[in-house]
Amino acid sequence: MWTAEHDQRVTAWNERQHMEALLAEEAEEVCVAQEQAAQHLIDNEAEREHAELEKKKPKMNNFNDETEVGNVIIPRPSQYAILKLKNFEFVELWYLSPEGCRDAAKSSSSTMEDTFSIAKVDDVLTMRPVAALKQSCNIVNNFNLPISDFFHAKNSFLVYIEHANWPKRHINALAEFFWHLKNHPICYRQHGDTVMLLYAHCYRELGLPTHAALHHNSPGHAHTDPGVCP
């Protein structure tokens with residue numbers, strides 16, 4: 001009798017110990033899972049903060065290490081002149097001359113660069129810097145430019161009208177126009193430079209970069225531009 005009761009108590013105690021061990025193991029597993037989930041949240045938050053910090057850090061743009069630097073630095077004209085060219089409008093070559101570019105560099109350090117005005121572009125009101133809307137007070141007309149400044153300016157002019165996406169046909173016509181100006185025999189005569197500059201000014205201001213009268217000595221051109229005929 002005593003032995004049977006003893007065996008029952010031992011069996012019950014063993015079952016209780018086994019059950020407590022199972023419960024402790026389950027509790028441990030739950031605790032570990034909770035700790036892992038908490039650590040996962042911490043890691044995700046740390047990763048997010050790191051990504052935000054990386055976004056705020058200044059970054060360098062990539063570059064092509066096979067690209068060569070040009071041997072010539074093209075002087076930069078004023079925003080006013082560039083805007084005129086982008087709109088296919090007439091602009092005095094002085095703006096693209098060395099003196100005109102120096103004038104633009106001086107004005108770029110003034111308050112005009114930070115002052116904006118309302119302008120109408122394609123029936124849409126837009127804000128533009130005052131420097132892009134105001135012509136220089138030091139402007140020199142084409143026919144009053146020194147001949148060296150004129151030909152320096154025409155080089156920059158041809159570059160910037162290409163940047164402004166002028167039609168290739170117009171660019172080629174203007175390049176040929178300037179070539180004939182520079183190489184016409186009138187340039188070697190007395191007052192030849194003055195005649196040539198006045199002629200170029202009149203034709204460019206009218207938007208007619210024709211050069212036929214400069215190298216065709218026909219009577220049809222002589223009455224319109226007598227000063228350029230040999």
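Residues take their numbers from the sequence shown, with the count starting at 1. What's counted below: heavy atoms across the whole structure, side chains too, no hydrogens, waters or symmetry copies.
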Which residues pass the side chain to side chain donor-acceptor pair (under 3.5 Å) test with [X], not counting sequence neighbours?
{"X": "R48", "result": "E45"}
{"X": "K56", "result": "none"}
{"X": "N62", "result": "none"}
{"X": "Q39", "result": "D43"}

Task: ring-ring contact (aromatic ring centres under 6.0 Å, His included) against F151, all qualifying residues, sequence neighbours excluded - done: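 Not a single residue meets the ring-ring contact (aromatic ring centres under 6.0 Å, His included) criterion with F151.
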
Between atom [atom1] of [X] and atom [atom2] of [Y], what is the distance when rounded to the nearest 0.5 Å?
{"X": "D193", "Y": "L197", "atom1": "CG", "atom2": "CG", "result": "6.5 Å"}
{"X": "E35", "Y": "H40", "atom1": "CD", "atom2": "NE2", "result": "15.5 Å"}
{"X": "I139", "Y": "E92", "atom1": "CD1", "atom2": "CD", "result": "4.5 Å"}

Task: Path from I161 to W179 over hydrophobic side-chain contacts below 4.5 Å - done: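 They do not share one cluster, since no chain of ILVMFWY contacts under 4.5 Å joins I161 to W179.
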
- [ ] Return yes if some donor-acceptor pair links the side-chain N/O of H152 with the main-chain N/O of S148 below 3.5 Å, else return no.
- [x] yes

Task: Under 3.5 Å donor-acceptor, W166 side chain and L85 backbone - done: yes

Task: For E54, salt bridge (Lys or Arg N to Asp or Glu O under 4.0 Å) partners two or more places apart - done: K57

Open item on the list: Working note: Y160 + R76, criterion side-chain contact (heavy atoms from CB on, under 4.5 Å); need CA distance, chi angles, decisive distance, verdict.
Closed with: CA-CA 9 Å; Y160 276 100; R76 184 171 178 79; 3.9 Å; yes

TODO: On the 0 to 90° scale, with breaks at 30° and 60°, tag the F150-F178 ring pair as parallel, tilted or perpendicular.
DONE: perpendicular

Task: E20 CD: over 12 foreign heavy atoms closer than 6.0 Å - done: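 Yes, the 6.0 Å shell around CD holds more than 12 heavy atoms from other groups.
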
